[in-house]
Amino acid sequence: MSFLFIQFLNGLASASSLFLVASGLSIIFGVSRIVNFAHGSFYMLGAYMAFTLVHKLSGGTIFGFWGGVVLAAAAVAVVGALVEMILLRRIYQAPELLQLLATFGLVLIVQDLVLTIWGPEDLLGPRAPGLRGAIDIFGQSFPQYDFVLIILGPVVLGLLWLLFHRTRWGTLIRAATQDREMVAALGVNQSWLFTSVFTLGAFLAGLGGAVQLPREAVNHVMDLQIITEAFVIVVIGGLGSVLGAFLAAVIIGELNAFGILIFPQLTLVLTFLVMAVILVVRPWGLLGKPEGVVRGGAGAERPIKPLSPTGRNATVALLVALLALPMISGNYGLSVASEVLIYTLFAASLHFMMGTGGMVSFGHAAYFGLGSYGAALTVKYFGVPMLAALVAGPAVAGIAALVFGWFCVRLSGVYLAMLTLAFAQIAYAVVFQWSSFTGGDNGLIGIWPAPWAASPTAFYYLSLLLCGGGIVAVRRITFAPFGYTLRACRDSALRADSIGIDLARHRWYGFTLAGFFAGIAGSLYAFLKGSVFPDTISIATSVDALVMVLLGGVQTLAGPIVGAATYKILHVSISSYTDQWRTALGVIIIVLVVAFPMGIVGFIQNRLLRSGRVEDAA
Amino acid sequence: MSANTLSVRGLCKNYGGVAAVSGVDFDLAPGEILALIGPNGAGKSTCFNMLNGQFPPSAGSIKMFGEELVGKKPRQIWRMGVGRTFQITATFGSMTVLENVQMALISFHDRLRALWPFAGGLYQEQAFQLLELVGMATQAGRPCSVLAYGDLKRVELAVALANSPKLLLMDEPTAGMAPKERIELMQLTADIVKQRGISVLFTEHDMDVVFTHANRIMVLSRGRVVAEGKPKEVRENPEVQATYLGTGAVYDHSKDTGAA
Amino acid sequence: MKLEAHNLNAFYGRAQILFDVGLKADTGEVVALIGRNGAGKSTTFKSLVGLVTARTGQLVFNGTDISGLPVHDIVRLGLGYVPEDRRIFTDLTVEENLDVGTQPARAGAPSWTKERLFELFPNLAGMRNRGAGRMSGGEQQMLTIARSLMGNPSLIMLDEPSEGLAPKIVEDMANAILTMKDQGLAVLISEQNLHFAKMISDRAYIIEKGRICFDGTMAELSNNDEVRNTYLAV
């Protein structure tokens, strides 16, 4: 009994830190509509800076410790303010997803920065002076410091409430959360409001990281770890709701504390299952309100048209070039080309879902990865030939999409995106933790293609056939009644419903199809690499897919193809030149977002429109 | 089969104990144009949303040719022959005018899930005919996202006619249009209705439109029907003048009982 | 002259929406900008207040050149703007909505308090602490005007104030606008409802396809059948 109580207190203590991070994320999203991926980086920076500052200041005094913690949070706040003024201000007009991408670019840069400054080793912070002891509760000891944390959460909640409901600034923020342009039209300087909000959010994240110092080791993967949890909390609580974030943080904190007792292997799965259930019951989170659709692009898309004669000729020329590639390229080049083809189909399948279907996925890696594992596991356990595995993989991915999709299509916008992420994380956790079956972290190796496809040339042609065929099929479906139906659901749910379209059902089918095509790409990937690792289901892979689609331009059918090729080739060439590929990639992503907010293909189309070479839609 | 297109009895809707609509009864005959008017917040939209299946009523029954509509989803009600236009137009912005109508026809012919044929080639002729009917054939190839507002309303009308409806529900059909466009659109609607024997129920704040085109008017106030009758009777009703019409300064006096 | 615009051109992306629009409004008058939907009325207002930034031309308000200023600076000079779609903060109470609009009093403009606004719009007085989302369309229209008046503007632009309102509420709205004019405000409204415009306006402009094609007093417009038939077709 007393043990359970201690566990309960533990849950509350970790909830406080989660709440600090999540509330900042929620406030920033509320006003700026930016889903700030870099919020986890602020948290990590807070922890690292606190580590350094506490050492510099302290000498073990109380003032030194808490002074270091607060200074660290303040320093992060300054970083946040600079990021807002230098970067985000330039992209508020850009589509929301691109803003998210830009913040992901920041994540990459901060990761390299942290490695450079503090090194790869875990750092252990000092314990808080004066709070080193433990308190005896029912015969169990509980750290004094954790008590301070338990109190910190509600105190910050109270202060935030006062700030939002008892000050003019708070009223303006709440108004801006709803309609920032109207606030400006009433004489309020928005830029100042945005900067202040971002600074506050960054301060809270930095504080959340800094107070963790005495509790756990500081390391360079805390950013993505906390951001996933913070997303989950914000979504469960309801986007933009601080009280909701608090409730959700307590739920997740407790779930972690007790889940570890019941299913020590599956705490992550438990978290995401709870989120899935809550979102299905309350699609806008506990205290949230219906959210507008996340738009991949600004303004309405142009109607789709079949290829013009020029486009057709270009496609044929490309195909001829691809067929001729083995004559001029060596083995390494062919294997890179196969990878590009595989990623192109992966990107096209995501584009089908988010562009045509209007369902933005943060977890599309699930279907790619499950396709890989589906193929690899059937080879491993049933010893089936490659072709059978290439059928089994997509089937596994399709079935997973069928199951996950049933839940996801009931939501929309950011909520839908977060639920896709949740399911991807569940898939990741299962694969990672069920090592007796999946090999866990060690993956599955020895998944080689059949002898007839073993040569790089043969495998390249196989990839070209399957991926090219997949892309053509996706395109054909886009122009077919089903593709139109998906676009109808995306353009106007109200109108679609009133002409007899069952939205949830058709989006569900669309979701499943997208998962199936991603599965084809994933299965091929397993044979290309000869192995599969949990990485294929990770957030990083999902983000890769998003970057490819957005890079090309979500509002164009050719976008994912151009985006995937550009991204993959950039990736390969940058990694071969520098160790700091993350920084390079981050900078490139940010520059692309600032320079080409409509994606590469969108940019080219606009230029053509301007020069009058394509008939203007207007 | 009942003779009336619509038979509504005892329709109620409560929101957290507050009655937005209470005990509304009315009938709508085939070919009849019925206007539903009343102050903002009188329950017109709520009534509308119950008729089209958007909200479930708290009590009451809505029968269309004798068949109960309560409990059916909007898309099922559409399949029974109810077309809708919205107060703020809802069209598919990334599709052309023609494709918007084709989409409705594809749904009507139950081919939403076809994966192979080119959607752009399906039911083209039928779609063109509908666009000709509403005077939009010349703009068939333009995207809906760039149309003028009045034209979007026409597209909506064409879409609403795609399932050969027996009943049209039009929520403020002329909102946001210029005076001349308003009269034209309603004249067009009235002509089509007469031609095809469709019934229309519409809400509207433009009294010129209401008095010119409605066969019958129902006035809603605080969720109840406070007056009902021919346009002339309604506009001379002192209670309606006090709660809704005012002195008549903001609509045209010269138009009289209209299409009765 | 309170507000003067010359050769105002405005753009959405590549499309030009306004072509050399010129208009004036002065203290103590109600000026109507009349035109059909899509003629450029809202764009004119948004360009004047700085919400459409892709604009060129001479825009002078109270003697200050406002053509290069951001929206909040223009509003702070005393130019109030009430959008067509009201844009009430539905998560805030009525009073909080008014708080967002609050700006310091300024010389040469009537100064408003919440109490004075509740006199102007008696309906609102009884619902100070009500969530703005729980108001009818007419009440929201009153609130959106009151919210802008809290900024103590010397000129207020009302974009289609009668749209979607019951005839009786439209009459109340007309009276409120005449009161604002009497208080010494310049009022610029956009309208499609000619009956309503006639009740309150002193002068009128007609806008068609982004160009001003009539400029005169309301009486001149009433007597000019040709203009009315050509542009308004009533």
Side-chain angles (χ1 to χ4, degrees), chain A residues 293 295-307 352 355-358 472-510 512-513 516-517 554-557 615-618, chain B residues 52-54 73-123 141-147 155-156 159-160 162-163 165 169 171:
Chain A
V293 181
R295 295 219 49 126
E301 208 173 293
R302 278 186 280 271
I304 56 174
K305 282 186 198 136
L307 283 178
F352 182 70
T356 306
V472 169
V474 167
R475 193 176 161 88
R476 180 87 203 200
I477 294 171
T478 306
F479 280 97
F482 183 65
Y484 272 65
T485 304
L486 285 179
R487 280 166 62 217
C489 297
R490 174 198 70 189
D491 280 4
S492 171
L494 187 63
R495 173 49 74 193
D497 193 38
S498 74
I499 58 166
I501 298 176
D502 182 340
L503 271 95
R505 192 151 70 121
H506 288 94
R507 295 172 83 202
W508 185 33
Y509 295 155
T512 307
L513 262 180
F516 173 79
F517 282 111
V554 74
Q555 292 198 335
T556 61
L557 292 179
E615 190 203 347
D616 193 337
Chain B
N52 62 40
Q54 205 86 345
K73 297 197 164 78
R75 57 175 186 274
Q76 294 167 320
I77 292 175
W78 179 79
R79 292 204 183 272
M80 292 171 63
V82 179
R84 290 168 68 187
T85 67
F86 297 99
Q87 184 179 347
I88 298 164
T89 55
T91 54
F92 306 128
S94 76
M95 296 185 201
T96 64
V97 168
L98 186 68
E99 286 170 340
N100 264 270
V101 183
Q102 284 174 301
M103 196 69 239
L105 289 165
I106 286 170
S107 177
F108 182 58
H109 290 101
D110 230 347
R111 300 197 57 188
L112 291 170
R113 287 176 293 287
L115 294 178
W116 192 248
F118 276 107
L122 297 176
Y123 313 113
R142 300 185 71 198
C144 271
S145 57
V146 302
L147 289 190
V155 175
E156 275 211 318
V159 168
N163 63 336
L169 297 175
D171 195 1

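Sequence lines set the chain letters: A, B, ... in the order given, protein chains first and strands last, and positions in each chain run from 1.
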B:R79 side chain to A:G500 main-chain N or O, any donor-acceptor pair under 3.5 Å?
-> yes
Partner chain A: residue of B:P117, B:A160, B:G53, B:G83 with the largest heavy-atom pair count (under 4.5 Å) = B:P117
Per-residue contact mode, B:Q54 against chain A (heavy atom under 4.5 angstrom) | side chain
Donor-acceptor pair between A:R487 and B:S94 side chains, under 3.5 angstrom | yes
Out of curiosity, B:M95 CE to A:I304 CD1, how far, rounded to the nearest 0.5 Å?
-> 8.0 Å
Contacts of type side-chain contact (heavy atoms from CB on, under 4.5 Å), residue B:L115, not counting sequence neighbours = A:I477, A:F482, A:L513
With no hydrogens and no angle check, is any side-chain donor or acceptor of A:S492 less than 3.5 Å from a backbone partner on B:A90?
-> no
Could you look at A:A496 and say if it's the side chain, the backbone, both or neither that has a heavy atom under 4.5 Å from chain B?
-> both
Taking A:S498 for its side chain and B:R84 for its backbone only, find out whether a donor-acceptor pair lies under 3.5 Å.
-> no
Examine whether an atom of A:Y484 lies under 4.5 Å from a heavy atom of chain B, and if so say whether it belongs to the side chain, the backbone or both; otherwise answer neither.
-> both
Not counting sequence neighbours, which residues clear side-chain contact (heavy atoms from CB on, under 4.5 Å) with B:N163? List them please.
-> B:W78, B:F108, B:P165
Can you say whether B:L122 sits under 4.5 Å from chain A via the side chain, the backbone, both, or neither, judging by heavy atoms?
-> side chain
